[in-house]
Number of protein chains: 2
Amino acid sequence: MAVTDEAIEKIKGMIVSGALRPGDRLPKESELAADLGLSRNSLREAVRALSLIRILDVRQGDGTYVTSLDPQLLLEALSFVVDFHRDDTVLEFLAVRRILEPAATAMAATRIDEARLDALAAQLDALGAEPSVEELVASDLEFHRGIVQSSGNSVLCSLLDGLSGPTTRARVWRGLTQEDAVSRTLHEHRAILAALRDGDAEAARSWATVHIASVEQWLRSTL
Amino acid sequence: MAVTDEAIEKIKGMIVSGALRPGDRLPKESELAADLGLSRNSLREAVRALSLIRILDVRQGDGTYVTSLDPQLLLEALSFVVDFHRDDTVLEFLAVRRILEPAATAMAATRIDEARLDALAAQLDALGAEPSVEELVASDLEFHRGIVQSSGNSVLCSLLDGLSGPTTRARVWRGLTQEDAVSRTLHEHRAILAALRDGDAEAARSWATVHIASVEQWLRSTL
DNA sequence: GAGCGCCGATACCTCCGATGTATCGGCCCA
DNA sequence: TGGGCCGATACATCGGAGGTATCGGCGCTC
């Protein structure tokens with residue numbers, strides 16, 4: 001194994017074992033390189049790799065720190081990876097989202113609070129009757145993000161966030177080519193919100209399923 | 001932005017735009033560095049980072065290539081990230097798995113073929129009546145992996161693969177401390193297999209849910 | 001003529017030392 | 001006491017040198 005890969009494993013080991021805790025500062029490059037028995041250049045490769053996936057946070061002039069290691073932060077790297085997938089796998093991502101999103105929405109139904117509900121309603125109202133497609137899709141993302149955050153599961157939340165990215169383009173495309181997509185989306189959002197306000201998990205789940213399935217069905221028929 | 005981060009973005013752009021296709025070979029270090037306008041050292045950091053998340057494949061003495069970019073390969077990096085999470089988020093991972101695994105099992109029920117069913121049955125038979133905990137957990141992973149592969153969704157498959165890792169330790173722990181866990185797991189596997197053979201998606205989904213929920217419930221009561 | 005091994009070209013691997021740049025915190029001045 | 005200057009610190013970037021793994025052509029052997 002290359003020395004850089006060894007260094008990656010060793011740093012990973014220090015974090016997993018607890019020798020380095022979230023927020024801790026690493027020894028400076030030259031010291032850490034000496035400790036691990038490699039050159040500064042090679043160590044920098046290891047640090048850069050870990051920094052790409054948000055394990056480490058490097059600040060010039062200050063030092064290198066372990067991030068909070070929040071699921072949210074770490075799974076953020078997922079969206080970077082997801083960007084590389086070509087359109088032919090969008091359907092698979094969407095299928096996974098169709099599984100997770102209804103479940104998350106149902107979970108949110110039993111624990112979402114008034115303040116969040118009001119915020120969601122205000123967001124829908126702010127959109128107006130004739131939003132542009134870009135506005136609608138942005139609002140769509142924000143709406144679902146708000147709901148999923150109320151599911152109380154941060155892993156689920158980050159995962160859905162990562163999965164939503166690649167399907168965004170598809171939704172824009174749909175909004176541009178399908179006439180009633182805009183009004184239908186707005187209607188479905190209202191329905192989901194009403195179900196959440198009622199605390200009706202099954203209704204929320206069903207509306208979320210319908211909501212995503214309609215995008216999926218359209219995409220499947222188009223490709 | 002640092003030159004290395006720019007290089008990462010540029011290489012990513014070349015791949016996403018299609019200028020570089022899966023399997024393509026990159027220009028050699030010195031040329032690529034000159035093209036992107038940075039030093040070889042800095043370029044190497046970028047390449048190393050992309051290689052950690054399986055975007056690039058570096059072969060000493062040969063060259064640097066774009067990987068297949070299969071969802072399976074890219075989401076493999078997920079398990080690396082997941083390793084950093086501490087035990088207190090295991091429950092959240094397990095909750096997500098409880099959503100995905102039943103859905104995947106139900107999908108598999110309608111499309112799994114005879115050969116796969118026979119292989120799964122043979123695998124369960126090979127385990128014997130009194131397996132060690134380690135054997136059981138390994139068999140458990142393999143069993144579910146085999147089923148999920150029959151769901152026909154490679155993204156779903158890789159995602160579950162990544163999520164199963166962190167819960168593995170929990171399952172070993174459970175097997176060691178809960179007496180009837182072994183026999184119960186075997187029984188549930190048989191039930192899932194029977195449902196799959198019947199093509200009964202709902203039964204398969206329910207058994208899968210029960211199967212995972214039992215681990216989750218035990219873990220929740222233990223922590 | 002076919003197969004095997006040697007060997008040079010190629011490309012990545014590792015290291016070193018030097019210079020540039022951003023940040024922080026103490027010191028000095030108003 | 002408050003604000004700005006300035007040096008120490010730590011990461012950023014660079015160029016070059018020597019090492020090592022891989023591949024493929026060439027020549028030898030059978």
Side-chain angles (χ1 to χ4, degrees), chain A residues 1-15 19-69 73 76-77 80, chain B residues 1-15 19-69 73 76-77 80:
Chain A
M1 186 189 287
V3 291
T4 302
D5 295 312
E6 282 180 34
I8 292 177
E9 288 302 321
K10 284 177 183 171
I11 295 174
K12 175 180 177 181
M14 287 191 281
I15 295 175
L20 284 174
R21 302 189 148 278
D24 277 2
R25 178 178 171 165
L26 273 68
K28 64 177 180 182
E29 279 185 348
S30 55
E31 285 180 14
L32 187 56
D35 287 348
L36 299 181
L38 40 61
S39 72
R40 269 183 50 250
N41 270 327
S42 300
L43 173 66
R44 278 183 58 77
E45 290 180 22
V47 170
R48 172 72 65 175
L50 290 173
S51 135
L52 179 67
I53 57 176
R54 314 302 172 98
I55 302 295
L56 298 179
D57 181 21
V58 197
R59 306 177 205 160
Q60 180 178 173
D62 186 356
T64 301
Y65 299 82
V66 180
T67 66
S68 64
L69 297 181
L73 196 62
E76 197 177 290
F80 184 92
Chain B
M1 186 190 287
V3 292
T4 301
D5 294 313
E6 281 180 37
I8 292 178
E9 287 302 321
K10 284 178 183 170
I11 296 174
K12 175 181 177 180
M14 287 192 281
I15 295 175
L20 284 174
R21 304 190 145 277
D24 277 2
R25 177 177 172 167
L26 273 68
K28 63 179 180 183
E29 277 186 348
S30 55
E31 286 180 14
L32 187 55
D35 288 346
L36 300 181
L38 39 61
S39 72
R40 276 193 8 268
N41 270 327
S42 301
L43 173 65
R44 279 184 58 76
E45 290 180 23
V47 170
R48 173 72 65 173
L50 290 172
S51 132
L52 179 67
I53 57 176
R54 315 300 175 96
I55 302 295
L56 298 179
D57 180 20
V58 202
R59 306 177 204 159
Q60 181 177 173
D62 186 356
T64 303
Y65 299 82
V66 180
T67 67
S68 63
L69 297 181
L73 196 62
E76 198 177 288
F80 184 91

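Below, chains carry the letters A, B, ... as their sequence lines are ordered, and counting in each starts from 1.
Within residues 4-13 of chain B, no residue has a heavy atom under 4.0 Å from DNA chain C. Annotation: proximity of residues 19-35 of chain A to DNA chain C (heavy atom, distance under 4.0 Å) is found for no residue. Taking every heavy atom of residues 42-54 of chain B and every atom of DNA chain C, pairs under 4.0 Å involve B:Arg44, B:Arg48, by number.
Considering all non-hydrogen atoms of both residues, B:Val66 and B:Arg21 come closest at CB-O, 3.6 Å. When all heavy atoms are compared, the tightest approach of A:Leu38 to A:Val3 is CD2-O, 3.5 Å. Looking at every heavy atom in both residues, B:Leu32 comes nearest to B:Met14 through CD1-CE, 4.3 Å. Among all heavy-atom pairs drawn from B:Leu56 and B:Thr67, the shortest one is C-CG2, 3.7 Å. Shortest non-hydrogen contact noted between B:Leu43 and B:Ala33 is CD2-N, 3.5 Å. Summarising the geometry of B:Ala49 relative to B:Ile8, their closest heavy-atom pair is CB-CD1, 4.2 Å, with the distance given to 0.1 Å.
The CG-P distance, from A:Asn41 to C:dC12, rounds to 16 Å in whole Å. In this structure, B:Leu36 atom CG and D:dT13 atom C1' are separated by 15 Å, rounded to whole Å.
For the pair A:Lys12 and A:Asp5, the salt-bridge criterion is not met [side-chain N within less than 4.0 Å of a carboxylate O].
Applying the side-chain hydrogen bond (donor to acceptor under 3.5 Å, both in side chains) rule to B:Ser42 yields the partners B:Ser39; only residues at least two apart in sequence or on another chain are considered. The side-chain contact (heavy atoms from CB on, under 4.5 Å) check on B:Pro22 picks up B:Leu69, with sequence neighbours excluded. Taking the salt bridge (charged side-chain N to carboxylate O under 4.0 Å, His left out) definition, one finds that A:Glu9 meets it with nothing, sequence neighbours left out. Listed by chain and number, the residues in a salt bridge (charged side-chain N to carboxylate O under 4.0 Å, His left out) with A:Asp35 amount to none (sequence neighbours excluded). Contacts of A:Arg59 classified as side-chain hydrogen bond (donor to acceptor under 3.5 Å, both in side chains), with partners at least two apart in sequence or in another chain: A:Asp57. For A:Glu29, the side-chain hydrogen bond (donor to acceptor under 3.5 Å, both in side chains) partners at least two apart in sequence or on another chain are A:Arg40, A:Arg44. Checked against side-chain hydrogen bond (donor to acceptor under 3.5 Å, both in side chains), B:Glu6 has no partners two or more places apart in sequence or in another chain.
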Protein-nucleotides 4-8 of chain C N/O pairs under 3.5 Å:
none

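From B:Ile15, atom CD1 reaches atom CG of B:Asp24 across 9.0 Å, with rounding to the nearest 0.5 Å.
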At under 4.0 Å between heavy atoms, which parts of nucleotides 18-27 of chain C does protein reach? Answer with one letter per nucleotide, 5' to 3': B base, S sugar-phosphate only, - none.
B-BBBB----

